[in-house]
Amino acid sequence: MASLSLRHIYKKYPGGVTAVSDFNLEVKDKEFLVLVGPSGCGKTTTLRMIAGLEEISEGELFIGDTLVNDVAPKDRKIAMVFQNYALYPHMSVFENMSFGLKLNKTPKEEIKRRVEEAARILDITHLLDRKPKALSGGQKQRVALGRAIVRNPMVFLLDEPLSNLDAKLRAAMRTELTKLHARVGTTFVYVTHDQVEAMTMATRIVVMKDGLIQQVDTPQNLYDKPCNIFVAGFIGTPQMNFITGTLNKKGDDVWFSFEDISVKLPAEKANAPELADYIGKEVVVGLRPEAISDDAAVAEANPDTSFKVDVDVTELMGAEIYLYLNIGETNLISRVSSRSQSRAGQNIAVNFDMSRLHIFDKDTERCVIH
């Protein structure tokens with residue numbers, strides 16, 4: 001097993017295009033690390049540089065204690081699972097899984113043992129004689145994983161391996177991958193644009209944008225303490241509400257004003273020293289949908305943080321309802337109980353749970369307080 005160390009990694013293409021800039025990351029041994037971000041943010045390029053499929057323009061890449069910048073992909077002791085599975089159509093599942101071992105002149109008995117063990121772990125023993133065309137998408141995915149497992153790699157690299165599966169199978173395979181990681185005890189580096197995959201599987205997440213790391217943290221910390229507006233908006237479904245307004249001081253209290261509404265900040269946030277420079281200035285306030293309640297009793301009990309809004313649309317999600325709200329030019333999304341009686345066309349009272357608000361600098365978009 002191995003750790004990974006990426007030190008000041010750059011990927012520059014001819015014509016002045018920089019796909020990855022000053023990428024610094026320490027991946028711990030046996031960690032499940034997920035690179036996440038929108039299309040074109042550099043996450044797959046980073047993965048391919050780790051694999052040796054893309055040349056590193058600047059910086060150093062270590063697998064364990066070994067500098068591998070100039071080491072061939074086949075000698076890096078890594079295994080990669082591609083988005084399209086890359087199975088040989090004319091070979092059986094057994095032959096696909098054993099192909100790399102045969103190239104390395106592994107003894108036949110050892111090949112058989114490794115393939116059968118990987119097939120047992122992945123529950124595909126009954127498929128070993130089939131050709132890829134006779135497999136479902138989920139089965140092909142397992143074969144691609146099996147081909148990687150038999151090599152006993154120090155690091156697994158997975159490039160959007162679930163993106164070709166339907167929603168139900170994708171959810172099942174997320175669970176399978178998490179269990180597989182626990183069983184094989186190897187370092188996983190996983191690329192996806194799906195933040196649900198990242199949140200459910202990762203021990204740590206790297207959020208990328210325009211070739212730059214925005215934040216590296218545990219899933220829960222990314223959700224609760226995003227470092228900027230991009231991370232706050234990218235992590236979480238539905239995404240965080242962002243409201244532009246002004247902070248004003250009235251006596252000892254601090255109020256946030258937007259449209260013709262003012263809501264009071266709790267004392268612990270109002271007295272935060274980081275906020276002192278923002279009094280009287282425009283800021284962006286972020287609130288998760290679950291921090292906006294449509295409970296009339298809560299609104300009545302908290303008049304300083306409650307106000308009336310119009311309900312545009314309601315979406316029943318089964319266990320919960322999403323309310324799409326507006327007040328003036330400001331649109332909000334609230335996640336409420338499935339027992340909610342709020343309906344489209346109504347004018348209702350909502351309450352902001354201000355203990356859960358985030359305040360961002362309007363110009364830099366950095367988080368000021370959580």
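Remember, predicted model here, so these are calculated numbers, not experimental data.
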Checking Arg174 now: which residues fulfil side-chain hydrogen bond (donor to acceptor under 3.5 Å, both in side chains) with it, not counting sequence neighbours?
Thr200
Not counting sequence neighbours, which residues clear side-chain hydrogen bond (donor to acceptor under 3.5 Å, both in side chains) with Glu26? List them please.
Ser5
Are the side chain of [X] and the backbone N or O of [Y] linked by a donor-acceptor pair below 3.5 Å?
| X | Y | value |
| --- | --- | --- |
| Gln341 | Arg339 | yes |
| Glu176 | Met173 | no |
| Arg147 | Asn96 | no |
| Asp29 | Ala2 | yes |
| Ser306 | Pro303 | no |
| Arg7 | Leu61 | no |
| Gln139 | Ser136 | yes |
| Arg183 | Ile121 | yes |
| Lys43 | Gly37 | yes |
| Gln346 | Arg343 | yes |

What I want to find out is whether [X] reaches [Y] closely enough, with some N-O distance under 4.0 Å, to be called a salt bridge.
| X | Y | value |
| --- | --- | --- |
| Asp361 | Arg366 | no |
| Arg120 | Glu116 | no |
| Glu55 | Lys11 | no |
| Glu117 | Arg113 | yes |

Rounded to the nearest 0.5 Å, how far apart are [atom1] of [X] and [atom2] of [Y]?
| X | Y | atom1 | atom2 | result |
| --- | --- | --- | --- | --- |
| Gln214 | Cys227 | CD | SG | 6.5 Å |
| Asp159 | Phe82 | CG | CZ | 8.0 Å |
| Ile149 | Phe156 | CD1 | CZ | 5.0 Å |
| Leu87 | Leu135 | CG | CG | 7.5 Å |
| Arg151 | Lys74 | CZ | NZ | 10.5 Å |
| Leu101 | Lys112 | CG | NZ | 14.0 Å |

Measure the shortest side-chain to side-chain distance between [X] and [Y] over non-hydrogen atoms and say whether it is less than 4.5 angstrom.
| X | Y | result |
| --- | --- | --- |
| Lys12 | Glu58 | yes |
| Ile205 | Asp217 | no |
| Ile261 | Ile327 | yes |
| Asn241 | Ile292 | yes |
| Pro153 | Val155 | no |
| Val216 | Arg204 | yes |
| Gln215 | Leu222 | yes |
| Met317 | Arg335 | no |

side-chain contact (heavy atoms from CB on, under 4.5 Å), that's the test. Do Met49 and Ile9 meet it? Break it down for me.
CA-CA 9 Å; Met49 285 192 285; Ile9 297 287; 3.6 Å; yes
So, [X] and [Y]: side-chain donor and acceptor under 3.5 Å apart, yes or no?
| X | Y | value |
| --- | --- | --- |
| Asn326 | Asn331 | no |
| Thr330 | Glu259 | yes |
| Glu60 | Asn69 | no |
| Thr192 | Asp194 | no |
| Ser257 | Thr246 | no |

side-chain contact (heavy atoms from CB on, under 4.5 Å) for Val263 and Trp255? Distances and angles first, verdict last.
CA-CA 5 Å; Val263 285; Trp255 296 72; 5.5 Å; no
Between [X] and [Y], what is the shortest heavy-atom contact and its length?
| X | Y | result |
| --- | --- | --- |
| Asp22 | His8 | OD1-ND1, 2.8 Å |
| Ile50 | Val189 | CD1-CG1, 4.5 Å |
| Thr305 | Lys264 | CG2-O, 3.5 Å |
| Thr203 | Leu33 | OG1-N, 4.4 Å |
| Phe234 | Gln195 | O-CG, 3.4 Å |
| Leu162 | Arg170 | O-NE, 3.4 Å |

Would Tyr190 and Met201 count as a side-chain contact (heavy atoms from CB on, under 4.5 Å) if you check the C-alpha gap in whole Å, the side-chain angles of each, and the deciding distance to 0.1 Å?
CA-CA 9 Å; Tyr190 186 105; Met201 293 193 292; 3.3 Å; yes
[X] atom [atom1], neighbour heavy-atom count above 12 within 6.0 Å:
| X | atom1 | answer |
| --- | --- | --- |
| Asp252 | CG | no |
| Asp129 | CG | no |
| Glu300 | CD | no |
| Asp75 | CG | yes |

Would you call the rings of [X] and [Y] parallel, tilted or perpendicular, where under 30° means parallel and over 60° means perpendicular?
| X | Y | answer |
| --- | --- | --- |
| Phe360 | His358 | parallel |
| Phe32 | His181 | perpendicular |
| Phe307 | Phe258 | perpendicular |

Less than 6.0 Å separating the ring centroids of Tyr324 and Tyr322?
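No, they do not, as the ring centres are separated by 6.0 Å or more.
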Does the separation of the ring centres of Phe23 and Tyr10 fall below 6.0 angstrom?
no
Once side chain to side chain contact (heavy atoms under 4.5 Å, CB included) is applied, do any residues pair with Glu95, and if so which ones, sequence neighbours excluded?
Met91, Ser92, Lys102
Connected via hydrophobic side-chain network under 4.5 Å: Ile229 and Ile243
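Each belongs to a different hydrophobic cluster.
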Are Leu180 and Val143 grouped together when hydrophobic residues (ILVMFWY) are joined by side-chain heavy atoms under 4.5 angstrom apart?
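They do share one cluster, since a chain of ILVMFWY contacts under 4.5 Å joins Leu180 to Val143.
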Report the C-alpha distance between Glu282 and Thr244 in whole Å, list the side-chain angles of each, state the deciding distance to 0.1 Å, and finish with yes or no for side-chain contact (heavy atoms from CB on, under 4.5 Å).
CA-CA 7 Å; Glu282 270 201 328; Thr244 300; 3.9 Å; yes
